[in-house]
> 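Structure provided below as structure tokens; questions to follow.
Positions are given from 1, in the same order as the sequence printed here.
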Amino acid sequence: MKTYVKIALRSRIDTKPQEVGRALLNVLSLGDGHLYPQQVSHNPDRFKDDFEGADALDVWWSEVAQMRVEGAVSDFSLDFAWRRKDAVKSTGYVCHTMRNNRGALLPGTVSLTAQWSPKIEWIEVFRALIGVFPPRLAMLHLFTSPEIGRPSPWSSFEAGSFGAALNPDITNIAWAMYYGDEFADEGDRQKMRERGFSVDERSNGYLVTVTKRLEDVKSDFDSFSRRRAELKTLYRPGRFRIEEEPMLERDVT
């Protein structure tokens, strides 16, 4: 994909109940179903089974398997992965919340990578996913040539990675970011509003966007990049692994 949309989030909620899977399908039905699954799998890199609709969740959602860790056998839920081959082409997966062998809660992950399309109200899809999976961290971004194929840590940003499950970090600011739980106190929201950034308060955190429209990243990357650089100054130094901007690099050279 020359340009693609990436949504990623981490959530501590129990993702395993069937009603969570059905709520996810409702989100993917938004926008005339352009994101609705056509194939499903427990492996996001391999698909062969057609998706038969919500009733098939009884088979595919949070199917239990067993693993042996340090001699002990424990149950865990297999990933739920989906793919759409027709427009809008996309792939996604849910990695369920679980506890490790020491009893620590490992947050669940939701990831969606999709072909860019103006037919979809991406921010509404993002908001809906946040409603289903109240996040610890979440991002929505439109990746275009200035940010694609760059070395690490940019590659982590492209992948929608938030680092280790028990010690997450934030690689870069996406067009839309959600800061929840212990990250909810990050950033000066009052100054964000004063400088024209959209800030949406939620029960466990807040959502902030860099510009008015996601497609601004594609149509005027330099303006987006400048606004993102400005937004970064409203967070503590060192909060983001990536501090430079492709636009600023070009200005220097």
Side-chain angles (χ1 to χ4, degrees), residues 1-11 15-16 20-54 56-57 59-63 65 76-97 107-133 135 137-145 147-150 154-163 165 171-172 174-176 178 214-215 217-218:
M1 298 180 185
K2 294 182 179 179
T3 61
Y4 66 92
V5 175
K6 184 72 182 185
I7 294 177
L9 66 82
R10 291 266 186 91
S11 178
T15 59
K16 294 181 287 297
V20 178
R22 292 180 182 274
L24 171 63
L25 291 183
N26 288 338
V27 174
L28 298 176
S29 297
L30 296 174
D32 296 325
H34 287 302
L35 294 174
Y36 199 78
Q38 293 178 318
Q39 291 183 307
V40 286
S41 175
H42 292 308
N43 183 343
D45 296 319
R46 185 167 59 249
F47 293 89
K48 63 182 181 63
D49 293 285
D50 292 336
F51 186 52
E52 303 298 336
L57 284 177
V59 175
W60 290 101
W61 187 261
S62 66
E63 182 179 350
F76 72 101
S77 294
L78 296 171
D79 295 352
F80 175 76
W82 70 93
R83 177 171 72 173
R84 185 171 182 85
K85 297 183 292 182
D86 298 338
V88 172
K89 294 180 180 179
S90 62
T91 59
Y93 65 87
V94 174
C95 180
H96 293 285
T97 51
T109 298
V110 181
S111 178
L112 172 66
T113 305
Q115 177 185 24
W116 159 251
S117 173
K119 297 178 181 179
I120 297 174
E121 292 291 339
W122 296 100
I123 187 61
E124 297 307 318
V125 173
F126 189 57
R127 290 179 188 276
L129 284 174
I130 287 171
V132 176
F133 304 90
L137 287 167
M139 63 171 280
L140 161 63
H141 196 63
L142 174 58
F143 281 95
T144 60
S145 56
E147 295 182 302
I148 293 175
R150 297 168 67 91
W154 284 91
S155 55
S156 295
F157 179 46
E158 268 197 75
S161 173
F162 294 118
T171 306
N172 201 1
W175 176 81
Y178 189 90
L214 177 61
E215 50 263 45
V217 182
K218 182 174 183 288

> Any chance you could measure Ile7, atom CD1, to Leu129, atom CG, to the nearest 0.5 Å?
5.5 Å
> My understanding is that only residues two or more places apart in sequence, or in another chain, count here; which of them pass ring-ring contact (aromatic ring centres under 6.0 Å, His included) with Phe157?
His141, Phe143
> So for atom CD, which belongs to Gln38, do other residues, nucleotides or ligands contribute more than 12 heavy atoms lying within a distance under 6.0 Å?
yes
> Could you pull out the closest heavy-atom pair between Phe162 and Ala8, with the gap in Å?
CE1-O, 3.8 Å
> So how far is it from Tyr36 OH to Asn26 CG, rounded to the nearest 0.5 Å?
8.5 Å
> Please name the pair of heavy atoms, one in Val27 and one in Val132, separated by the smallest distance, quoted to 0.1 Å.
CG2-CG2, 3.9 Å
> Taking C-beta and beyond as the side chain, do Ser111 and Lys6 meet within less than 4.5 Å on heavy atoms?
yes
> Please test Leu140 against Tyr178 for side-chain contact (heavy atoms from CB on, under 4.5 Å), starting from the C-alpha separation and ending with a verdict.
CA-CA 9 Å; Leu140 161 63; Tyr178 189 90; over 6 Å; no
> Just jot down the salt bridge (charged side-chain N to carboxylate O under 4.0 Å, His left out) partners of Glu215, sequence neighbours excluded, or say none.
Arg213
> Closest approach of Tyr4 and Thr113, non-hydrogen atoms and distance?
CD1-CG2, 3.7 Å
> Using side-chain contact (heavy atoms from CB on, under 4.5 Å), reason through Thr109 and Tyr93 one step at a time and then give a plain yes or no.
CA-CA 8 Å; Thr109 298; Tyr93 65 87; 4.1 Å; yes
> Quick one: does any side-chain atom of Ser161 pair with a main-chain N or O of Ser156 as donor and acceptor, under 3.5 Å?
no
> Taking the side chain as every heavy atom from C-beta outward, state whether Phe133 and Thr15 have any atom pair closer than 4.5 Å.
yes
> Does the side chain of Leu214 come within less than 4.5 Å of Trp116's, by heavy atoms?
yes
> From Thr171 OG1 over to Glu158 CD, what is the distance, rounded to the nearest 0.5 angstrom?
11.5 Å
> First locate atom CH2 of Trp154, then atom CG of Asn172, and finally report the distance between them rounded to the nearest 0.5 Å.
5.0 Å
> Out of Asp86, Leu28, Val88, which one pairs with His34 under the side-chain contact (heavy atoms from CB on, under 4.5 Å) rule?
Val88
> To the nearest 0.5 Å, what is the distance between CG on Leu35 and CG on Leu25?
12.0 Å
> For the pair Leu57 and Arg22, evaluate side-chain contact (heavy atoms from CB on, under 4.5 Å) and give the outcome as yes or no after the intermediate values.
CA-CA 8 Å; Leu57 284 177; Arg22 292 180 182 274; 3.6 Å; yes
> Let me confirm one number: the NE2-CG distance from His42 to Asp79, rounded to the nearest 0.5 Å.
9.0 Å
> Are Leu112 and Ser90 side-chain neighbours, meaning at least one heavy-atom pair lies under 4.5 Å?
yes
> Trp61: what forms a ring-ring contact (aromatic ring centres under 6.0 Å, His included) with it, not counting sequence neighbours?
Phe80, His96
> Which atom names give the shortest non-hydrogen contact between Lys16 and Ser77, and what distance separates them?
CD-OG, 3.1 Å
> Please check if the number of heavy atoms outside Lys218 that lie under 6.0 Å from its NZ is greater than 12.
no
> If you compare all heavy atoms of Asn43 against all heavy atoms of Ala81, which two are closest, and at what distance to 0.1 Å?
C-CB, 4.0 Å
> Any idea which heavy atoms bring Gly108 and Thr97 closest together, and the distance?
N-CG2, 3.0 Å
